[in-house]
Every structure is written in C-alpha cells, then in structure tokens.
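Remember, predicted model here, so these are calculated numbers, not experimental data.
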Amino acid sequence: ATHFYMNFLVLAWATHSMGMMRYVPLFKYKLALKIFDEDRAKRVAEPEDQDYYGMGGRSARWAIFMTIGVVYGTLSPPINVLCFINFAVSRVAYGYLMVFAETKKPDLGGVF
C-alpha cells in the first residue's frame, strides 16, 4: 500500500502544475470568446469551479495529503520526504495562484 501512496504523492505534483496553468478557465474563455465580446467572455470564464478549485476543496486535498504523510510515513519513511516535497510544490503553485492569477472571492461565511 505504501508504494501506491508514494506514486500518488508524486502524481499530485503534476496536478498542482496543471492547476497552475489554469487550463480550465482558459478553455472556457476561448470558447466564450467565440460567442461574446472580450469583457463578457472573461466574466463567463471566471470564477473557477469552487467545488474543486475552491478553498474547501483544496483544504480537503491538503488534509488527505497530510494524513497520508502521517499514517503511511510510519510504515515507510520516504513517504514523509515525498509529502514534504508535495507541500513545497503546493506552496509555490498556490502561492502564485491565490495572489496573482485568481480573482478575489468574497469571504462572507456563507451565502446571504
């Protein structure tokens, strides 16, 4: 089981990189540009799907990665190294995305 999670953590680095490319909003923008003008296409493409790219979805994935590191790191210590690298890659990717690439979202504490 530990080899599966080692591969899972390494594969997660690729998903962080894919998220950094923001290919989903790009495709939505390019498709909407064929129908709308530039300003309307940008509004249609943003914001991202909050179920996966939102703070709740990201926090859940980060919690899963941390749990894998804690639980399976006791069985196979190299998982701890891979988990640390995973969080380092996450820090670079999401540190850039949240500050420079993504639109600001309101923090209302719920829908009002």
Side-chain angles (χ1 to χ4, degrees):
T2 57
H3 290 317
F4 170 79
Y5 287 110
M6 290 172 88
N7 291 330
F8 180 71
L9 286 172
V10 173
L11 184 63
W13 305 344
T15 62
H16 300 318
S17 301
M18 288 172 57
M20 212 168 147
M21 289 188 296
R22 293 179 42 92
Y23 63 93
V24 174
L26 175 67
F27 290 146
K28 285 169 58 176
Y29 174 76
K30 290 292 189 182
L31 184 64
L33 200 57
K34 295 178 189 275
I35 302 168
F36 305 113
D37 64 335
E38 188 173 332
D39 291 331
R40 177 76 176 137
K42 183 179 177 187
R43 284 185 300 202
V44 168
E46 294 284 343
E48 307 83 10
D49 177 25
Q50 292 301 302
D51 292 339
Y52 184 80
Y53 295 104
M55 187 55 69
R58 286 181 183 160
S59 296
R61 286 192 303 278
W62 294 338
I64 289 171
F65 292 140
M66 181 58 78
T67 304
I68 289 170
V70 169
V71 171
Y72 291 103
T74 59
L75 299 173
S76 179
I79 288 183
N80 291 329
V81 175
L82 295 175
C83 192
F84 177 79
I85 293 170
N86 180 43
F87 281 109
V89 170
S90 295
R91 168 64 179 95
V92 171
Y94 297 113
Y96 167 76
L97 283 176
M98 289 179 194
V99 176
F100 298 110
E102 294 179 346
T103 58
K104 290 233 183 243
K105 279 97 174 159
D107 186 15
L108 300 175
V111 178
F112 296 102

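- No chain of hydrophobic side-chain contacts below 4.5 Å, direct or via other Ile, Leu, Val, Met, Phe, Trp or Tyr residues, connects I64 to L11.
- Between atom CE of residue M18 and atom OH of residue Y23 there is a gap of 3.5 Å, rounded to the nearest 0.5 Å.
- In this structure, the separation between NE2 on H3 and OG on S76 is 6.5 Å, given to the nearest 0.5 Å.
- Counting heavy atoms from C-beta on, the side chains of F87 and M66 come closer than 4.5 Å.
- The two atoms that bring L33 and E38 nearest to each other are CD1-CA, 3.8 Å, heavy atoms only.
- Here the closest heavy-atom approach between residue I85 and residue W13 is recorded as CG2-CZ2, 3.2 Å.
- Between A12 and T15, the shortest heavy-atom distance links the atoms O-OG1, 2.6 Å.
- Checked by atom type and distance alone, the side chain of T74 pairs as donor or acceptor with a backbone atom of V71 at under 3.5 Å.
- Interatomic distance, SG of C83 versus CZ of F65, reported as 8.5 Å (0.5 Å rounding).
- For N80 against G69, the heavy-atom pair with the smallest separation is OD1-O, 2.8 Å.
- More than 12 heavy-atom neighbours from other residues, nucleotides or ligands sit within 6.0 angstrom of OH on Y29.
- No path of Ile, Leu, Val, Met, Phe, Trp and Tyr side chains, each step under 4.5 Å between heavy atoms, connects L31 with L26, placing them in separate hydrophobic clusters.
- In this structure, CG on L82 lies 10.5 Å from OG1 on T2, to the nearest 0.5 angstrom.
- Of all heavy-atom pairs between A1 and Y72, the closest is CB-CE2, 4.3 Å.
- Here the rule is side-chain contact (heavy atoms from CB on, under 4.5 Å) with L9, and of I68, V81, V89 only I68 fits it.
- Linking ILVMFWY residues whenever their side-chain heavy atoms come closer than 4.5 Å, directly or via other members, places V70 and F4 in the same cluster.
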*Might you work through the side-chain contact (heavy atoms from CB on, under 4.5 Å) test for H16 and Y94, ending with a clear yes or no?*
CA-CA 8 Å; H16 300 318; Y94 297 113; 3.2 Å; yes
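- Of all heavy-atom pairs between P25 and A45, the closest is O-CB, 3.6 Å.
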